K.L.:
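Could you have a look at this structure, given as structure tokens, before my questions?
Counting starts at 1 for both ligands and their atoms, in listed order. When a residue number appears, it is its place in the shown sequence, counting from 1. Just so you know, these numbers come straight off a predicted model, no measurement behind them.
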Amino acid sequence: MNYEPSTTTLIPNLKSKISNRLPQHVAIIMDGNGRWAKKRGLPRIAGHRQGAEVIKEILRCCTDWGIKVLTVYAFSTENWGRPTAEVDFLMLLFERLLRTELEEMHREKVCIRFLGELEALPPSLQREMRRAMAVTAQNQAIYFNVAINYGGRKEIVRACRDLVEKVQQGELLPEAIDEGLIQQFLYTKEVADPDLLIRTSGQMRLSNFLLWQLAYTEIYFTDTLWSDFNREEFSRAIEDYQGRDRRFGKV
Ligand code: IPE
Ligand code: IPE
Ligand code: MG
């Protein structure tokens, strides 16, 4: 990953402007790569390639600004329904990115984790994922969660099954099951729920992302396509978040 000082124009005092009431955990539905490519008369995969560059910049912003957790939606359980060539390309892209960026991410103390049913992914990709998780496991600058073959409903089903198994084995009483315990059976058990969710490309839906965890998350939608998203757009989302009144049901 390119962690050289960013070559994009920095908004003056951007860091001090947004340092107040920073979200600790930002989740992103990175949408619009296909439309970005189509607008340019390019194949959809060109949009995904560009989108990967954007992830690097946004992760960099998070480490620069002090955001502790970044969770990105890279591939949903529903995305298997896309043309095989596109799915294959995405799997290769993920694998290549892990190979080329791991060293730099490790140097920057990024702790990388994958959320989703990883067993269904190509074995060579699984190997790179396991390696990346093992190498960066002790890093603490930022937790970078990548949701791959992730579905929010499947995640909840999986938690239910695991809980039932514990009950059947006599390790758990049904009345001990509460919200906190369910949270411990989700992929995100180690991190607090997202403070801010960003979805690009003008679509206003969750598409099965973090259904449990987003219960009280502030949501920011932008028409900007993911492949066009950048540091300035990201800072706008953060500033918008900072102006929100988070009530959690109170007055
Ligand atoms: C998001 O961009 C990336 C993935 C789902 C992998 P899309 O590929 O969904 O782009 P659009 O929505 O078709 O423009
Ligand atoms: C959501 O985007 C999934 C990812 C960004 C990985 P999609 O493009 O797959 O979502 P829908 O189909 O528009 O809801
Ligand atoms: Mg899409």
K.L.:
What is the nearest protein non-hydrogen atom to atom 2 (O) of ligand 2, stated with its residue, atom name and distance?
P.N.:
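Atom 2 (O) of ligand 2 sits closest to the protein heavy atom R199 NH2, 3.7 Å.
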
K.L.:
Is any side-chain N of the basic residue among D64 and R60 closer than 4.0 Å to the acidic one's carboxylate O?
P.N.:
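Result for this pair is yes, salt bridge flagged.
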
K.L.:
Check if K38 has a non-hydrogen atom at a distance under 4.0 Å from any atom of ligand 1.
P.N.:
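No; K38 lies far enough from ligand 1 that no heavy-atom distance drops under 4.0 Å.
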
K.L.:
Do you know which two heavy atoms are closest between S207 and Y73, and how far apart they sit?
P.N.:
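In this case the closest contact between S207 and Y73 is O-OH, 3.0 Å.
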
K.L.:
L70 versus N145: any side-chain heavy-atom pair under 4.5 Å?
P.N.:
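With C-beta onward as the side chain, the pair stays apart.
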
K.L.:
Against heavy atoms of R35, which atoms of ligand 1 measure under 4.0 Å?
P.N.:
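Result: 11 (P), 12 (O), 14 (O).
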
K.L.:
With the threshold set at under 4.0 angstrom, would you say R82 reaches ligand 2 through any of its heavy atoms?
P.N.:
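Checking ligand 2 against R82, which is what was asked, there is a heavy-atom contact under 4.0 Å.
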
K.L.:
Around atom 1 (C) of ligand 1, find the nearest protein heavy atom and jot down its residue, atom name and distance.
P.N.:
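Going by distance alone, atom 1 (C) of ligand 1 is nearest to M30 O, 2.9 Å.
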
K.L.:
If you count the atoms of ligand 2 from 1 in the order shown, which ones are under 4.0 Å from a heavy atom of D31?
P.N.:
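This gives 2 (O), 8 (O) as the contact atoms.
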
K.L.:
Compute the shortest N/O to N/O distance between Y73 and ligand 2 and return yes if it is under 3.5 Å, no if not.
P.N.:
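Between Y73 and ligand 2, no N or O pair is found under 3.5 Å apart.
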
K.L.:
Scan the protein's non-hydrogen atoms and note whether one is under 4.0 Å from atom 11 (P) of ligand 2.
P.N.:
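Yes, at least one protein heavy atom sits under 4.0 Å from atom 11 (P) of ligand 2.
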
K.L.:
Hey, is E103 close enough to R107 for a salt bridge, meaning N to O under 4.0 Å?
P.N.:
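Yes, charged N to carboxylate O under 4.0 Å.
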
K.L.:
Please state whether G32 comes within less than 4.0 angstrom of ligand 1, counting heavy atoms only.
P.N.:
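Under 4.0 Å: yes for G32.
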
K.L.:
Just let me know how A74 lines up against ligand 1, side chain, backbone, both or neither, with a heavy-atom cut-off below 4.0 Å.
P.N.:
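Within the 4.0 Å criterion, A74 contacts ligand 1 through backbone atoms alone.
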
K.L.:
Indicate the atoms forming the closest heavy-atom contact of L172 with I177, along with that distance.
P.N.:
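Heavy atoms of L172 and I177 come nearest at CD2-CG1, 4.0 Å.
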
K.L.:
Identify, by atom number and element, the atoms of ligand 1 in contact range of N79, meaning under 4.0 Å from any of its heavy atoms.
P.N.:
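So the atoms of ligand 1 that pass are 5 (C).
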
K.L.:
So which heavy atom in the protein is nearest atom 14 (O) of ligand 2, and how far is it from that ligand atom?
P.N.:
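Looking only at protein heavy atoms, the one closest to atom 14 (O) of ligand 2 is S207 OG, 2.6 Å.
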
K.L.:
Check each atom of ligand 2 against the heavy atoms of R205 and keep those under 4.0 Å away; list them by number with element.
P.N.:
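Atoms satisfying the 4.0 Å criterion: 11 (P), 13 (O), 14 (O).
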
K.L.:
State, to 0.1 Å, how close M204 and F221 come at their nearest heavy-atom pair, and which atoms those are.
P.N.:
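Looking at all heavy atoms of both residues, the shortest contact is CA-CE2, 3.5 Å.
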
K.L.:
Heavy-atom pairs closer than 4.0 Å: do any link ligand 2 to the side chain of F75, the backbone, both, or neither?
P.N.:
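It is the backbone that gets close, since no side chain atom is under 4.0 Å.
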
K.L.:
Between V87 and N79, what is the shortest heavy-atom contact and its length?
P.N.:
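Distance-wise, the nearest heavy atoms are CG2-O, 3.6 Å.
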
K.L.:
Does a donor on one side chain and an acceptor on the other come within less than 3.5 Å for Q50 and N33?
P.N.:
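On atom types as modelled, these side chains do not qualify, holding no pair under 3.5 Å.
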
K.L.:
For E155, is there an ion pair with R158 - N to carboxylate O distance below 4.0 angstrom?
P.N.:
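Salt bridge flag = no for E155 with R158.
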
K.L.:
Where on H48 is there a heavy atom closer than 4.0 Å to ligand 1, on the side chain, on the backbone, on both, or on neither?
P.N.:
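For H48, the contact with ligand 1 is made by the side chain alone.
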
K.L.:
Please work out whether any backbone atom (N, CA, C, O) or any side-chain heavy atom from C-beta onward of L225 is under 4.0 Å from ligand 1, and answer side chain, backbone, both or neither.
P.N.:
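For L225, no heavy atom sits under 4.0 Å from ligand 1.
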
K.L.:
What N, O or S atom of D31 is found closest to the Mg ion (ligand 3)?
P.N.:
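The Mg ion (ligand 3) is closest to the D31 atom OD1, counting only N, O or S.
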
